[in-house]
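Chain naming here is simple, since letters A, B, ... match the order of the sequence lines and numbering starts at 1 in each. Because only heavy atoms are used, hydrogens play no part in the values below, and waters and symmetry mates are left out as well, while side chains stay in.
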2 protein chains.
Amino acid sequence: MASHIMKKGAQGGVAMEERVKQIKQQLSTHNYKLTPQREATVRVLLENEEDHLSAEDVYLLVKEKAPEIGLATVYRTLELLSDLSIIHKLNFGDGVTRYEFRAEGAEHHHHHLICLNCGAVDEIIDDWLGPIERRVEKEFDFRIIDHRLTFHGICHRCKDQVKDPEKLIGSKVT
Amino acid sequence: MASHIMKKGAQGGVAMEERVKQIKQQLSTHNYKLTPQREATVRVLLENEEDHLSAEDVYLLVKEKAPEIGLATVYRTLELLSDLSIIHKLNFGDGVTRYEFRAEGAEHHHHHLICLNCGAVDEIIDDWLGPIERRVEKEFDFRIIDHRLTFHGICHRCKDQVKDPEKLIGSKVT
DNA sequence: TTATTATATGATATTGTTTATAAATAGGAT
DNA sequence: ATCCTATTTATAAACAATATCATATAATAA
């Protein structure tokens, strides 16, 4: 498998503290405070960076370390982090909004591989759309700010157990 | 503007009847009937092919020609047409599922240009992802069945009135 | 310190979209 | 005509997400 599909994985210790501090700084810049609830939420997001958590997912995980937190606060915090472009909202068509950290330096979003069999979401960290974006900007006079590219198919883990892949496309929202 | 951004537009008369008949045939093949309600729904979809209607949109339009229809029936019909791959479900992150006809011969979905200023959805009829797909299949051992590619930015109609495009990305779901 | 103000939170109600249910209806087949 | 299945309608329910509002917390001023 190509190396750039590898996930960063949950980093404990120093790296984590560093990133929490950085986010605290970003909030501070916009006159927001890193309250205990917000910090707990941020830490859950950092600890599960390789997943694409829904608000409900985050809520349940935060409750483990801060049982008194309310669902509305989690929603509010996610919205705030999203407003500040610290995280991204994603929609994979399964009815819930999912969240992921925004890549530090990356101008654009990376790409996703969604398995129609097991539902796994893998990532292509690189941005392969450069040439296509230039073509879009020129041919359609469209100023691109961001993009989303998602491939739907069968992942390497499922390929042996799926006989007729075409059948899977069905009525999925995409 | 490139020619392939042009829409087919609502075709009245012969072409419309032909397509209704074709859909009737597709339903029939799977032992479904083209009931009056289903036909009214199909005709609304055909008449507004250039738009990306939500279920509610379709419901209101169908009601104009068949006031007795129920919302649930519209949902069921859209789901049925989607199951049979006659139409596609789309999600542009605005909270509602939208529907569009599936291109006749096209193996894959076309691409969308979404304006962050006015919300317009334009289309790139061509599929420009061939080379990238082959790379994905090879590098990630991922069998691609379909894809979605959406560009978010400023359309040619809005470019003069938007000064700071980056500000628009904010917390949009994508 | 205490009072004052602004900000953030938690519990809950509400909204909006979509799906599920149950009774009524329509069309064919026998 | 009767039966049978598919379909529809109206309504309730499920679900995610947002709004409301009283309370709590933190920052500021006196």
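Ranked by how close their nearest DNA chain C nucleotide is to the 5' end, B/Lys33 and B/Tyr75 are led by B/Tyr75. For the pair A/Tyr59 and B/Ser54, both in contact range of DNA chain C, the more 5′-proximal nearest nucleotide belongs to A/Tyr59.
One atom, CG of A/Asp94, and another, C1' of C/dT18, lie 14 Å apart when rounded to the nearest Å. Rounded to whole Å, the distance from NZ on A/Lys63 to P on C/dG10 is 9 Å. C/dT17 atom P lies 14 Å from atom CG of B/Leu53, rounded to whole Å. In this entry the distance linking CG of B/Asp57 with P of C/dT18 reads 10 Å, nearest Å. Spacing between atom CG of A/Leu34 and atom P of C/dA8 amounts to 12 Å, rounded to whole angstrom units.
Backbone-only engagement by B/Ile69 is indicated by non-hydrogen atom pairs under 4.0 Å involving sugar-phosphate atoms exclusively.
Residue B/Gln37 has no polar side-chain atom (N or O) positioned under 4.0 Å from OP1 or OP2 of C/dA26. At the phosphate of D/dT8, OP1 or OP2 sits under 4.0 Å from a side-chain N or O atom of B/Thr35. Contact annotation: A/Arg76 side-chain N/O to C/dA8 OP1/OP2 distance is not under 4.0 Å.
Cation-pi check for B/Arg135 over B/Phe140 is not met; the charged atom does not lie both under 6.0 angstrom from the ring centroid and within 45 degrees of its normal. By the 6.0 Å and 45° rule, B/Arg148 does not stack over the aromatic ring of A/Phe151.
Across its full length, the helix from C/dT1-D/dA30 to C/dT30-D/dA1 shows an angle of 0° between the axes of its 5 terminal pairs at either end, rounded to 10 degrees.
The distance from the CG atom of B/Leu80 to the CG atom of B/Leu27 is 5.5 Å, given to the nearest 0.5 Å.
When distances are taken from the side chain of B/Thr73 to each of D/dT8, D/dT7, C/dG10, the shortest belongs to D/dT8. For A/Glu68, taking side-chain heavy atoms from C-beta onward, the closest of the listed nucleotides D/dT8, C/dT9, C/dG10 is C/dG10. Among the nucleotides D/dT8, C/dA8, C/dT18, the one closest to any side-chain atom of B/Val96 is C/dT18. Listed candidates were D/dT8, D/dT7, C/dA8. Nearest to the side chain of B/Tyr32 is D/dT7. Comparing atom distances between the A/Thr97 side chain and each of D/dT8, C/dT18, D/dA17 picks out D/dA17 as nearest. The nucleotide whose nearest atom lies closest to any side-chain atom of B/Ala72 is, among C/dA20, C/dT7, C/dT18, C/dA20. Closest to the B/Ala55 side chain, of the nucleotides C/dT18, C/dA8, C/dG10, is C/dT18.
For the residue pair A/His111 and A/Glu123, no side-chain donor N or O sits within less than 3.5 Å of a side-chain acceptor on the partner. In the model, B/His88 has no side-chain atom that pairs as donor or acceptor with a side-chain atom of B/Glu100 under 3.5 Å.
Taking the charged nitrogens against the carboxylate oxygens, A/Asp51 and A/Arg98 have no contact shorter than 4.0 Å, which rules out a salt bridge.
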Checklist entry - Between A/Arg76 and A/Thr73, does a side-chain hydrogen bond (donor to acceptor under 3.5 Å, both in side chains) hold up when you go through it step by step? => result CA-CA 5 Å; A/Arg76 275 188 296 245; A/Thr73 298; 3.2 Å; yes
